[in-house]
Amino acid sequence: MSDIKLFHFNAGQVLELIGTAVQVEKSLQVLFERNLEPLLGIRFLASEHTTGSVHGGRIDTLGLDEDNCPVIIEYKRAVNENVINQGLFYLDWLLDHRKEFQWLVLEKLGPDAAKNVDWSAPRLLCIAGDFTKYDAHAVKQIARNIELIRYRRFGEDLLMMELVHTPKVARITQSAPQQITSAEVTNNDSSNLSDPYWANRMGHKLSQSSPELRDLYDATHQFLVSLGDDVQVRELKQYTAFKRIKNFTCLQIYPQAKTLTAYVRLDPTTVDPNEGFSRDVRDIGHHGTGDLELSLKSMADFERAQPLFRRAYEGS
């Protein structure tokens with residue numbers, strides 16, 4: 001059971017708020033599906049999505065995360081329910097039905113989202129009032145992107161979420177993605193839906209970088225990972241994401257410009273603007289998540305960025 005306790009201080013008195021887990025299965029699912037984006041950084045696609053007569057199941061919730069990766073969410077309503085194996089079954093189904101998923105994204109979110117679906121690291125989220133020690137042990141033995149999230153309700157207006165398990169490094173899908181063609185999305189768009197799959201894109205960029213830039217990337221990477229045991233690293237097509245429940249920093253490297261760019265999940269208005277180092281990119285298109293852009297060209301820039309990285313981590 002979770003050992004987290006919540007207390008309310010009022011007029012010198014301390015009152016412990018007793019947390020509860022929703023037992024009516026549909027109410028838990030509805031609670032999260034109505035608030036997927038603010039809670040988990042996931043865009044809602046479908047509820048109770050059928051896997052057809054062959055697989056004979058229904059996926060609780062399907063979504064697309066902030067990195068454009070597919071997400072399956074399964075809700076554990078009973079302690080003895082084997083939601084992890086069930087979720088793995090659906091994850092295999094998803095990887096075998098990529099075109100069907102992309103058509104769903106096209107229908108719900110439009111052609112831009114459909115052509116940018118990233119199959120490099122699909123995720124399985126298991127949400128429950130609690131997990132057993134066997135659940136926590138099992139996911140550590142499975143080489144898949146499985147995250148366990150424990151929740152508690154405190155009264156009518158408080159929800160607590162605790163990240164019980166997340167893989168330290170996102171597991172990369174080895175097979176090349178099956179993409180629907182651009183002609184299937186729109187007759188006027190002749191571009192491919194996505195770049196060819198390349199798991200080591202960041203490694204290639206680093207190989208083209210100066211020793212100083214490689215050192216800067218390594219130092220920043222190590223600092224972000226060291227912020228907490230719950231930090232997960234996701235190597236994606238366009239950037240490297242560092243996340244807890246949501247991304248808090250994304251890194252891109254530009255060998256020709258000798259610059260490491262970080263997109264940080266912070267309100268730019270809370271940071272003093274500094275030309276050449278930080279800028280507000282809320283209205284500027286960019287890869288990665290985060291409204292504050294930091295340009296790191298030296299170890300001095302890295303040191304200036306550290307408090308901002310820490311703030312983003314603590315707020316995520």
Arg265 and Glu66: salt bridge (Lys or Arg N to Asp or Glu O under 4.0 Å), yes or no, with the steps? CA-CA 12 Å; Arg265 189 184 289 277; Glu66 56 196 337; 2.2 Å; yes
Does any non-hydrogen side-chain atom of Val139 lie less than 4.5 Å from one of Pro167? no
So, taking the atom named CG in Leu17 and the one named CZ in Arg152, what distance separates them when rounded to the nearest 0.5 Å? 13.5 Å
Leu159 and Arg153 have their tightest heavy-atom pair at CD1-CD, 3.6 Å
Contact check, side chains of Pro70 and Leu62, non-hydrogen atoms, under 4.5 Å: no
Value rounded to 0.5 Å, distance of CG in Leu227 from CG in Leu224: 6.0 Å
Sole candidate of Leu64, Ile73, Leu45, Asp65 that passes side-chain contact (heavy atoms from CB on, under 4.5 Å) when paired with Leu36: Ile73
Sub-3.5 Å donor-acceptor pair from the side chain of Thr132 to the main-chain atoms of Tyr134, do we have one? yes
Show, in sequence, the C-alpha distance, side-chain angles and deciding distance for Arg304 and Asn274, and conclude whether the side-chain contact (heavy atoms from CB on, under 4.5 Å) test is met. CA-CA 11 Å; Arg304 294 166 64 190; Asn274 193 308; 2.6 Å; yes
Please determine whether the number of non-hydrogen atoms from other residues, nucleotides or ligands lying under 6.0 Å from atom CD of Gln141 exceeds 12. yes
What's the separation between atom CG in Asp280 and atom CG in Leu266, rounded to the nearest 0.5 Å? 11.5 Å
Measure the shortest side-chain to side-chain distance between Phe101 and Leu95 over non-hydrogen atoms and say whether it is less than 4.5 angstrom. no
Is there a side-chain contact (heavy atoms from CB on, under 4.5 Å) between Met160 and Phe154 once you walk through the steps? CA-CA 8 Å; Met160 182 212 76; Phe154 294 90; 3.8 Å; yes
Tell me if the CD atom of Glu16 is crowded by more than 12 foreign heavy atoms within 6.0 Å. yes
Does the cation-pi check pass for Arg234 over Phe242, that is, NZ or CZ under 6.0 Å from the six-membered ring centre and within 45° of its axis? no
For the residue pair His8 and Val14, establish whether any side-chain heavy-atom pair is separated by less than 4.5 Å. no
Hey, is Lys243 close enough to Glu147 for a salt bridge, meaning N to O under 4.0 Å? yes
How long is the gap from CG on Leu251 to OG1 on Thr249, to the nearest 0.5 Å? 7.0 Å
Answer with yes or no whether the side chains of Tyr90 and Asn85 bring together a donor and an acceptor at under 3.5 Å. no
Transitively linked via ILVMFWY side-chain contacts under 4.5 Å: Val281 with Leu294? no
Could you go step by step and tell me if Asn145 and Leu124 meet the side-chain contact (heavy atoms from CB on, under 4.5 Å) rule? CA-CA 6 Å; Asn145 292 321; Leu124 168 61; over 6 Å; no
Going from CD1 on Ile142 to NE2 on His137, what distance comes out if it is rounded to the nearest 0.5 angstrom? 10.0 Å
Verify, without hydrogens or angle tests, whether Thr51 (side chain) and Gly57 (backbone) share a donor-acceptor contact under 3.5 angstrom. yes
Glu293/Arg282 ion pair, N-O < 4.0 Å: no
On a heavy-atom basis, which atom in Ile146 and which in Cys126 lie closest, and how many Å separate them? CG2-SG, 4.5 Å
side-chain contact (heavy atoms from CB on, under 4.5 Å) for Arg123 and Leu125? Distances and angles first, verdict last. CA-CA 6 Å; Arg123 301 162 61 195; Leu125 270 63; 3.6 Å; yes
If the plane angle is over 60° it's perpendicular, under 30° parallel, otherwise tilted; pick one for Phe32 and Tyr75. tilted
Is the closest side-chain donor-acceptor distance between Thr270 and Asp267 under 3.5 Å? no
Hey, do the aromatic rings of His49 and Trp93 have their centres closer than 6.0 Å? yes
Which heavy atom of Ala113 sits nearest to which heavy atom of Arg43, and what is that distance? CB-NH1, 4.5 Å
Minimum side-chain heavy-atom gap Lys246-Leu40 below 4.5 Å: no
Ignoring hydrogens and geometry beyond distance, is a side-chain donor-acceptor pair present between Gln238 and Gln252 at under 3.5 Å? no
Look at the side chain of Thr240 and the backbone N and O of Leu236, then say whether any donor-acceptor pair between them is shorter than 3.5 Å. no
Smallest heavy-atom separation, Arg244 atom then Asp230 atom, equals NE-OD2, 2.7 Å
Are any non-hydrogen side-chain atoms of Leu104 and Leu109 less than 4.5 angstrom apart? no
Taking the six-membered ring for Trp, are Phe223 and Phe309 parallel (under 30°), tilted (30 to 60°) or perpendicular (over 60°)? tilted
Does Asn247 reach the side chain of Thr289, with side-chain heavy atoms less than 4.5 Å apart? yes
Closest non-hydrogen contact found for Ala128 with Lys76 is CB-CB, 3.5 Å
In one Ile/Leu/Val/Met/Phe/Trp/Tyr side-chain cluster, 4.5 Å: Tyr263, Tyr239: no
Is there side-chain contact between Val164 and Ile149, with heavy atoms separated by less than 4.5 Å? no
Treating Ser316 as the side-chain partner and Glu314 as the backbone partner, does any N or O pair qualify as donor plus acceptor under 3.5 Å? no
Would you give the length of the straight line joining atom CG of Asp283 to atom CG of Asp291, rounded to the nearest 0.5 angstrom? 9.0 Å
Is it the case that Gln256 and Gln208 place a side-chain donor and acceptor less than 3.5 Å from each other? no
Indicate, with yes or no, if Tyr254 and Leu292 share a hydrophobic cluster defined by side-chain heavy-atom contacts under 4.5 Å among Ile, Leu, Val, Met, Phe, Trp and Tyr. no
Scanning both residues in full, the closest heavy-atom pair of Arg279 with Ile284 reads NH1-CD1, 3.7 Å
Lys NZ or Arg CZ of Arg150 over Phe131 ring: under 6.0 Å, within 45°: no
Between Arg144 and Asp92, does any NZ, NE, NH1 or NH2 come within less than 4.0 Å of an OD or OE carboxylate oxygen? yes
